Amino acid sequence: MEPRGMKKWRPFATMPEQYIGLKEMINKQSEVAQPVLTEEQMEQINFTLIEALHTNKQVYLTYYKKGQCITETGFIQFIDSLRNLFIFIDDVFELKNKMRLSELIDVRLA
C-alpha cells in the first residue's frame, strides 16, 4: 500500500487564503482616516517632545499607521526636524523606533 502523504490535505489548501482575505476585509472596515492637526496642536506636540527629550520623561505617543491610531509609551531619544524624524525607545521591549513627525497625533507626558 502506498502512503498518501500530503495528497489528503490538498482540499484544505484554500482555507488559509480565505481566512487571510476575511481578516483583510475586517481590518479595512475598522480603518480610520488620519486626523488633520491644527497649528496649535502641532506646536503643543513639538513643545511636549522637546520637554520630554530634555527631562528624559516617559511619554504616551499616539500615532497613525496603516489606518489605525496606536498609543505606546516610551522615552524620546532624538528629534531631527530637518528629516521630519524622531527616535523613541519603546517602554515594553526597550527597542529603538524611528518614526515620522507627521505620523504623530498626540504626545502626553506620563
Side-chain angles (χ1 to χ4, degrees):
M1 184 151 87
E2 181 181 328
R4 292 181 4 186
M6 292 301 290
K7 290 180 186 176
K8 69 178 184 179
W9 297 109
R10 284 196 181 150
F12 299 103
T14 60
M15 295 301 272
E17 289 83 9
Q18 290 175 349
Y19 287 119
I20 291 170
L22 288 173
K23 186 176 180 181
E24 287 176 5
M25 289 175 59
I26 291 169
N27 287 340
K28 284 184 180 182
Q29 288 178 349
S30 66
E31 286 182 1
V32 295
Q34 184 172 6
V36 178
L37 301 177
T38 64
E39 283 292 322
E40 185 178 317
Q41 289 172 322
M42 288 189 285
E43 287 177 15
Q44 182 63 37
I45 287 173
N46 286 335
F47 178 75
T48 308
L49 282 174
I50 291 170
E51 181 181 354
L53 177 66
H54 291 295
T55 60
N56 200 26
K57 289 185 178 179
Q58 187 177 20
V59 292
Y60 293 109
L61 295 169
T62 304
Y63 58 92
Y64 180 82
K65 189 170 190 175
K66 296 181 183 176
Q68 303 289 327
C69 293
I70 303 166
T71 302
E72 290 187 22
T73 58
F75 295 93
I76 304 298
Q77 185 180 29
F78 180 74
I79 301 172
D80 186 357
S81 58
L82 295 176
R83 291 193 208 162
N84 193 26
L85 293 172
F86 72 97
I87 298 173
F88 76 98
I89 299 174
D90 188 7
D91 189 37
V92 178
F93 299 112
E94 296 182 1
L95 298 172
K96 287 185 181 181
N97 297 306
K98 282 186 183 178
M99 190 178 301
R100 297 198 176 280
L101 289 169
S102 59
E103 293 175 350
L104 278 178
I105 298 170
D106 191 26
V107 179
R108 300 194 186 267
L109 293 174

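When a residue number appears, it is its place in the shown sequence, counting from 1. Just so it is clear, the model here is predicted, and its values are computed rather than measured. Side chains included, hydrogens not; waters and symmetry mates left out as well; all remaining heavy atoms used.
Each salt bridge (Lys or Arg N to Asp or Glu O under 4.0 Å) pair with one or both residues in residues 61-76, not counting sequence neighbours, would appear here, but there are none. Among residues at least two apart or in separate chains, there is no salt bridge (Lys or Arg N to Asp or Glu O under 4.0 Å) pair with a member in residues 87-104.
By the salt bridge (Lys or Arg N to Asp or Glu O under 4.0 Å) test, Asp80 pairs with Arg83, sequence neighbours left out. By the side chain to side chain donor-acceptor pair (under 3.5 Å) test, Tyr64 pairs with no residue at all, sequence neighbours left out. For Arg108, the salt bridge (Lys or Arg N to Asp or Glu O under 4.0 Å) partners at least two apart in sequence or on another chain are Asp106. With sequence neighbours left out, Leu53 forms a side chain to side chain contact (heavy atoms under 4.5 Å, CB included) with Ile76, Ile79. Legend: residues meeting side chain to side chain donor-acceptor pair (under 3.5 Å) with Gln44, ordered by chain and number and at least two apart, are Thr48. Glu51 is linked by a side chain to side chain donor-acceptor pair (under 3.5 Å) to nothing, counting only residues two or more places apart in sequence or in another chain. With sequence neighbours left out, Ser81 forms a side chain to side chain donor-acceptor pair (under 3.5 Å) with no residue at all.
Transitive grouping of hydrophobic side chains (ILVMFWY, heavy atoms separated by less than 4.5 Å) keeps Leu85 and Phe75 in distinct clusters. In the hydrophobic cluster analysis, where Ile, Leu, Val, Met, Phe, Trp and Tyr join through side-chain heavy atoms closer than 4.5 angstrom, Tyr63 is grouped apart from Ile89.
To the nearest 0.5 Å, the span separating OG1 on Thr62 from CD1 on Ile70 amounts to 10.0 Å. If you take CD1 on Ile45 and CZ on Phe86, they are separated by 9.5 Å, rounding to the nearest 0.5 Å.
Closest non-hydrogen pair, Leu37 versus Ile105, comes out as CD2-O, 3.6 Å.
Side chains of Phe88 and Val107 form no contact here, defined as non-hydrogen atoms less than 4.5 Å apart.
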task = Test side chain to side chain contact (heavy atoms under 4.5 Å, CB included) on Leu109 and Thr55 and set out the steps.
result = CA-CA 11 Å; Leu109 293 174; Thr55 60; 5.5 Å; no
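Annotation for Phe78: hydrophobic cluster partners, listed by chain and number, are Ile87 (ILVMFWY side-chain heavy atoms under 4.5 Å, direct or chained). Through chains of ILVMFWY side-chain contacts below 4.5 Å, Phe93 is grouped with Val92, Leu95.
Heavy-atom contacts from other residues, nucleotides or ligands closer than 6.0 Å to OH of Tyr60 number 12 or fewer.
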